[in-house]
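Please read all numbers here as calculations on a predicted model, not as lab measurements. Chain identifiers are assigned alphabetically (A, B, ...) following the order of the sequence lines, protein sequences preceding nucleic acid strands; residue numbering begins at 1 within each chain.
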Amino acid sequence: MAESLREARARQIDARLAELTPDPKVELDFEDAWQLLIATILAAQSTDKLVNTVTPVLFRRWPTPAALGAAAQEEVEEVVHSTGFFRNKAKAVIAASKKLAEDFGGVVPRDIDEVVTLPGVARKTANVVLGSAYGIASGVVVDTHVTRVSQRLGLTAETNAVKIERDLCALLPRDRWIGAGHRLVLHGRYVCKAKKPLCTECVLADLCPSRASDA
DNA sequence: ATCCCGAGGG
DNA sequence: CCCTCTGGAT
């Protein structure tokens, strides 16, 4: 019974956010699942604009998982580093592409349990890719933004990302998982910020146990 | 000067 | 659980 109340509240929260941003804008927009995967791996450590600068160069030179998987690490590092920074991600994108080419025929699998076997890919990245590239609701994206927002709103008491995801999945209908993840990320990034949350501008303020009383 | 993403490893 | 990676943001 208490559970249904929590579900109702979670749905209300997501509905509010959906009203605000019905169609969450995605900074990284790749139709190709492999390209989105690589971009998402890179994005974990950098800014979206920077990733959008690097990837055209990267994919022109190594257009397929097999090509990138067979690339020399120094060359990929050079491209990545010359365009921006995060040279340490070169190894990860090569390794993930290599395994994709060798074990999955160059196609990102549709099963998250298989996706997370790729080096450098865990649930967060896998959920982003499956949701955005295939429209598969494999779970709810949980990054630091979603973690913080969910905790503040009292949607979860957990600190572990896997447990938080389990809570969110239990509270929301599956057909909302992909969108809710996007919305929570954006809300955390622009409104429910770690430092100075903009509670006065927050559409969820009246539902939030953590809202700043004065801010 | 300090904090920080997300993944992997100890 | 804690630590590292790397350079940008604050």
Heavy-atom side-chain contact between Gln35(A) and Thr55(A) under 4.5 Å: no

For the pair made of NZ in Lys99(A) and P in dA7(B), what is the distance, rounded to whole Å? 17 Å

Atom pair distance, as rounded to whole Å: NZ in Lys195(A) and C1' in dA9(C): 9 Å

Tabulate protein N/O versus nucleotide N/O from nucleotides 8-10 of chain B, keeping only pairs under 3.5 Å, one per line.
from   : atom 1 : to        : atom 2 : distance (Å)
dG8(B) : OP1    : Gly120(A) : N      : 2.4

How about Asp32(A) and Leu36(A): do any of their side-chain heavy atoms sit closer than 4.5 Å? no

Taking atom C1' of dG6(B) as reference, at what distance in whole Å does atom CZ of Arg189(A) sit? 14 Å

On a heavy-atom basis, the closest approach of Trp34(A) and Leu100(A) is CD1-CD2, 3.5 Å

Reckon Thr125(A) has a side-chain N or O less than 4.0 Å from the OP1 or OP2 of dG6(B)? no

Arg176(A)/Asp14(A) salt bridge by N-O under 4.0 Å criterion: yes

Just by distance, no angles: are the side chains of Asn127(A) and Glu165(A) close enough, under 3.5 Å, to form a donor-acceptor pair? yes

In this structure, CD1 of Ile41(A) is separated from OG of Ser97(A) (nearest 0.5 Å) by 7.0 Å

To the nearest angstrom, the NZ-P distance between Lys89(A) and dA7(B) comes to 8 Å

Between residues 136-162 of chain A and DNA chain B, which residues have a heavy-atom gap below 4.0 Å? Asp143(A), Thr144(A)

Let me know the distance between NZ of Lys196(A) and P of dA9(C), rounded to the nearest Å. 17 Å

Test salt bridge (Lys or Arg N to Asp or Glu O under 4.0 Å) applied to Asp206(A) and Arg211(A), Arg9(A), Arg16(A), the passing residue: Arg16(A)

Side chains of Thr117(A) and Lys99(A), heavy atoms from C-beta outward: is any pair under 4.5 Å? yes

Phosphate contact (dT6(C) OP1 or OP2) by His81(A) side-chain N/O below 4.0 Å: no

Atom CD1 of Ile38(A) and atom P of dG6(B) are separated, to the nearest Å, by 17 Å

Could you state the NZ-P distance from Lys124(A) to dA7(B), rounded to the nearest angstrom? 7 Å

Return the value, rounded to whole Å, for the distance between atom CG of Leu37(A) and atom P of dG6(B). 15 Å

So, Thr125(A) side chain and Val121(A) main chain: donor-acceptor pair closer than 3.5 Å or not? no

